[in-house]
Amino acid sequence: MIFDTHAHYDDERFNEDREQLLASMKDAGIGYIVNVGANLDTTRRTLELAHKYDFVYAAVGVHPSDSAELNEDNFELLREWSDDGRCVAIGEIGLDYHWPEPGKDVQKKWFLRQLDLAREKRLPVIIHSRDAAEDTVNTMKEAHAEEIGGVVHCFSYSAEIAKVCLNMGFYIGVGGVITFKNGRKLREVVDVTPMDRILLETDCPYLAPEPYRGKRNNSTYLPHVVKEIAAIKGISEEEVQRITLDNARRMYGI
Ligand code: NI
């Protein structure tokens with residue numbers, strides 16, 4: 001059984017077949033899915049999905065690229081939503097310097113505030129970090145993220161940065177990129193990461209693995225990621241499924 005620790009089934013690219021697709025998950029061996037909010041609107045829809053499907057859980061949070069929408073009033077809404085019984089994490093939160101907006105100070109402010117919220121609610125965090133390795137690690141240290149715990153999702157940095165995150169007790173999220181020709185860096189990260197710290201994720205509709213690269217992703221493609229991890233670690237695909245399932249249930253407290 002597979003645990004997809006990071007999905008966006010609220011995305012409009014699933015509007016035409018969301019129900020059929022989610023109804024097919026159990027037969028395809030997908031036992032659990034955490035749908036992840038990226039702004040206030042998608043977090044609201046994430047909670048709706050988690051209440052509709054017993055195997056779908058919710059992460060409540062605002063992505064750094066959308067962090068300019070946050071203010072003290074709607075932050076209270078996030079706090080309220082995080083008390084929902086279906087909410088298992090705060091995310092996705094973090095830093096994304098790929099685009100110039102919102103500014104670094106805005107991103108960092110709301111990253112820290114959401115780390116505080118996770119600490120207050122005793123929930124793990126799902127961290128999104130792109131082109132911002134040093135500031136992310138420094139902010140995590142500043143917030144004592146090792147006391148909060150969570151995952152650095154869709155990990156895109158070096159093995160060296162992975163070790164810093166592992167030392168803080170974090171998990172490493174691994175998805176379709178590991179099957180890409182240019183996924184060598186992630187394969188090196190998986191090589192140095194203990195098996196009990198690896199989580200499977202799609203980030204669907206994005207980042208479909210080979211042979212579906214460029215198409216719309218979904219959780220039923222995860223066996224291609226499992227196969228690649230099994231080859232790197234020299235263990236069976238069943239073991240990869242079992243260990244990553246245990247890891248995800250431990251982290252999310254499911
Ligand atoms: Ni995501």
Side-chain angles (χ1 to χ4, degrees), residues 2-15 18 21-22 25 30 32-50 56-70 78 81-82 86-99 102 107 110-111 114-115 118 123-133 136 150-157 165 170-180 183 186 189 198-209 212-222 225 244 248 251-252:
I2 285 178
F3 194 136
D4 184 354
T5 63
H6 191 120
H8 301 283
Y9 283 106
D10 54 278
D11 192 279
E12 59 181 19
R13 288 173 71 187
F14 293 111
N15 281 356
R18 184 178 295 108
L21 194 56
L22 286 170
M25 287 299 159
I30 311 301
Y32 300 85
I33 294 168
V34 170
N35 205 79
V36 181
N39 55 42
L40 294 166
D41 185 43
T42 58
T43 295
R44 192 190 313 255
R45 281 186 274 146
T46 290
L47 284 168
E48 281 168 16
L49 282 175
V56 177
Y57 295 82
V60 164
V62 174
H63 186 287
S65 298
D66 281 330
S67 56
E69 76 168 343
L70 282 171
L78 278 187
W81 285 339
S82 67
R86 301 296 293 171
C87 171
V88 294
I90 299 297
E92 53 190 297
I93 64 174
L95 300 173
D96 191 326
Y97 294 169
H98 190 70
W99 309 107
Q107 293 192 33
W110 293 110
F111 184 22
Q114 292 182 94
L115 282 164
L123 290 168
V125 287
I126 299 169
I127 293 180
H128 167 101
S129 179
R130 183 158 65 149
D131 300 342
T136 300
V151 58
V152 182
H153 113 88
C154 194
F155 196 86
S156 59
Y157 299 133
C165 298
F170 271 68
Y171 292 84
I172 302 291
V174 177
V177 173
I178 199 168
T179 67
F180 294 177
L186 182 59
V189 165
I198 293 174
L199 298 181
L200 297 176
E201 63 165 69
T202 53
D203 203 17
C204 65
Y206 311 103
L207 297 171
Y212 306 106
R213 188 173 183 178
K215 299 204 169 75
R216 186 189 73 172
N217 198 3
N218 77 74
S219 312
T220 68
Y221 295 164
L222 276 172
V225 175
T244 53
M251 189 191 85
Y252 286 128

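In each ligand, atom 1 is the first atom listed, and ligand 1 is the first ligand listed. Positions are given from 1, in the same order as the sequence printed here.
- Ring geometry for His63 versus His128: interplanar angle of 30 to 60°, hence tilted.
- Contacts of Asn35 classified as side chain to side chain donor-acceptor pair (under 3.5 Å), with partners at least two apart in sequence or in another chain: Asp10, Thr46.
- In this structure, the side chain to side chain donor-acceptor pair (under 3.5 Å) partners of Tyr157, at least two apart in sequence or on a different chain, are Ser129.
- Legend: salt bridge (charged side-chain N to carboxylate O under 4.0 Å, His left out) pairs involving residues 87-99, not counting sequence neighbours, sorted by first then second residue: Asp96-Arg130.
- Only protein N, O or S atoms were considered, and those under 2.8 Å from the Ni ion (ligand 1) are His6 NE2, His8 NE2, Glu92 OE2, Asp203 OD1.
- Counting only distance, with no hydrogens or angles, the side chain of Tyr32 and the backbone of Tyr57 share no donor-acceptor pair below 3.5 Å.
- Annotation: cation-pi geometry satisfied between Arg213 and Phe180 (NZ/CZ under 6.0 angstrom from ring centroid, within 45° of ring axis).
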